[in-house]
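Here the structure is a predicted model, which is why all the values come from computation and not from measurement. Just the heavy atoms: all of them, side chains too, but no hydrogens, waters or symmetry mates, feed the values below.
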Amino acid sequence: MRLSLPLLLLLVAWAIPGGFGDRAPLTATAPQLDDEEKYSAHMPAHLRCDACRAVVYQMWQHLAKAEAKLHTPDSGGQRRELSESVYTDVLDQSCTQTWQGYGVQEVNQVKRLTGPGLSKGPEQSISVMITGGPWPTRLSTTCLHYLGEFGEDKIYEAHQQGRGALEALLCGGPQGACLEEATVTRTEL
C-alpha cells in the first residue's frame, strides 16, 4: 500500500503527542434568535447602538470617498467641501446600499451586530454570523431615520468635524442609542 505524502504527514501529525489529535474539536453554533430578532421590522433595542455605529461608519466612508474625488493634484491639499446636492445624494446612497457584510453574532451569550466599522469584541476561535434576512432592511431603515431626524446639513457638518463628532450626534445625546447601551437589560418573554 502506497500513501501520498500529504496523507502520510497528516497521519504522522495526528499520531505525535501535541499534534492535531490532542486538540479539542472546534464547534460553533448559530445565534439563537428570539421572535423580535427574527420577525420585527425594527432594530431590536439591544442592537441599536451597534446599528448606529454601523450607520456612522457607512456615512463617514461614503462622504470621505466623495470628498476624496474633489482632491486633485493642483488643489494644494486643501480640503474642499461637497455641495449640498452632492452630500444629500451621498448620504441617501449610504442609507439605500445593500448593507452586505452585516449580521448578528453571539459572543459569550451576548448577541452583537457585526460588520464593517464595528469592533469585533472579545476574540473567539470560531463563531457563526447570521447575515441577510431582516438585517439589511433594519440598517437601511435606521440610517434613513437618522437622516430624517437630524437632516443632511447637520450630519454633514458633524462629518466635517470628525467621525467622533458624527457618532456623538447620531448615537449620543439624551435619546442616543449608545447612551442606553449600559442600562438596557434584556428580559426574556
Side-chain angles (χ1 to χ4, degrees), residues 31 33 36-105 107 111-121 127 129-182 184:
L33 303 179
E36 178 188 25
E37 294 161 341
K38 286 182 199 173
Y39 306 117
S40 175
H42 304 286
M43 186 64 69
H46 61 284
L47 297 172
R48 287 185 187 148
C49 182
D50 290 337
C52 185
R53 288 183 174 137
V55 167
V56 166
Y57 177 79
Q58 290 299 324
M59 286 180 172
W60 178 264
Q61 289 294 311
H62 280 81
L63 289 168
K65 194 179 291 185
E67 288 172 336
K69 289 180 182 178
L70 292 179
H71 292 281
T72 59
D74 61 321
S75 67
Q78 280 186 317
R79 183 181 175 129
R80 297 184 53 196
E81 291 186 13
L82 299 174
S83 68
E84 182 179 359
S85 63
V86 171
Y87 70 72
T88 299
D89 286 345
V90 168
L91 287 169
D92 187 52
Q93 289 169 7
S94 72
C95 289
T96 58
Q97 64 173 305
T98 62
W99 294 94
Q100 290 182 1
Y102 288 94
V104 70
Q105 184 175 36
V107 178
K111 293 175 201 146
R112 298 296 305 257
L113 199 61
T114 58
L118 296 174
S119 66
K120 300 203 185 299
S127 61
M129 179 170 115
I130 298 175
T131 59
W135 306 111
T137 302
R138 289 174 180 166
L139 284 164
S140 182
T141 301
T142 299
C143 187
L144 291 168
H145 167 78
Y146 289 132
L147 282 182
E149 183 176 345
F150 296 102
E152 290 87 348
D153 296 340
K154 200 169 186 178
I155 289 172
Y156 186 60
E157 271 180 40
H159 163 78
Q160 291 177 305
Q161 295 169 20
R163 186 170 162 191
L166 182 57
E167 187 170 321
L169 173 69
L170 300 183
C171 307
Q175 302 298 318
C178 294
L179 185 64
E180 298 172 2
E181 184 178 47
V184 170

If every non-hydrogen atom of C49 is compared with every non-hydrogen atom of A177, which pair is closest and at what distance?
-> CB-O, 3.8 Å

Any side-chain heavy-atom pair from M59 and H159 closer than 4.5 angstrom?
-> no

Measure the CG-CZ distance between L166 and F150 for me, rounded to the nearest 0.5 Å.
-> 10.0 Å

Are the side chain of S140 and the backbone of P136 linked by a donor-acceptor contact shorter than 3.5 Å?
-> no

Closest non-hydrogen atoms of Q97 and S94, given as atom of the first, atom of the second and distance, are NE2-O, 2.9 Å

Atom CG in L91, atom CD in Q93: separation rounded to 0.5 Å?
-> 9.5 Å

Of all the heavy-atom pairs spanning D92 and L144, show the shortest one and how long it is.
-> OD1-CD2, 4.2 Å

Passes side-chain contact (heavy atoms from CB on, under 4.5 Å), W135 versus L113? Steps please.
-> CA-CA 9 Å; W135 306 111; L113 199 61; 4.1 Å; yes

Indicate, with yes or no, whether the SG-to-SG separation of C171 and C178 is under 2.5 Å.
-> no

Should Y57 and R163 count as side-chain neighbours, where that means a heavy-atom distance under 4.5 Å?
-> yes

Separation between CE (M43) and CZ (R48), nearest 0.5 Å, reads 9.0 Å

May I have the step-by-step check of side-chain contact (heavy atoms from CB on, under 4.5 Å) for E81 and Y156, ending in yes or no?
-> CA-CA 10 Å; E81 291 186 13; Y156 186 60; 4.1 Å; yes

With sequence neighbours left out, the residues meeting salt bridge (charged side-chain N to carboxylate O under 4.0 Å, His left out) with E152 are none

Please round to the nearest 0.5 Å and tell me the distance separating atom CH2 of W99 and atom CD of Q58.
-> 5.0 Å

Around E149, counting heavy atoms of other residues, nucleotides and ligands shown, do more than 12 lie under 6.0 Å from its CD?
-> yes

Nearest atoms (heavy-atom pairs only) where L139 meets V55 | O-CG2, 4.1 Å

Find the distance between CG (D50) and NZ (K111) and round it off to the nearest 0.5 Å.
-> 13.0 Å

Heavy atoms only: give me the nearest E167-R53 pair and the separation to one decimal.
-> OE2-NE, 3.0 Å

Where is the tightest heavy-atom contact between V86 and L82, given as atom of each residue plus distance?
-> CG1-CD2, 4.0 Å

Do T88 side-chain atoms and S85 backbone N/O form a donor-acceptor pair below 3.5 Å?
-> no

Are Y146 and C95 side-chain neighbours, meaning at least one heavy-atom pair lies under 4.5 Å?
-> no

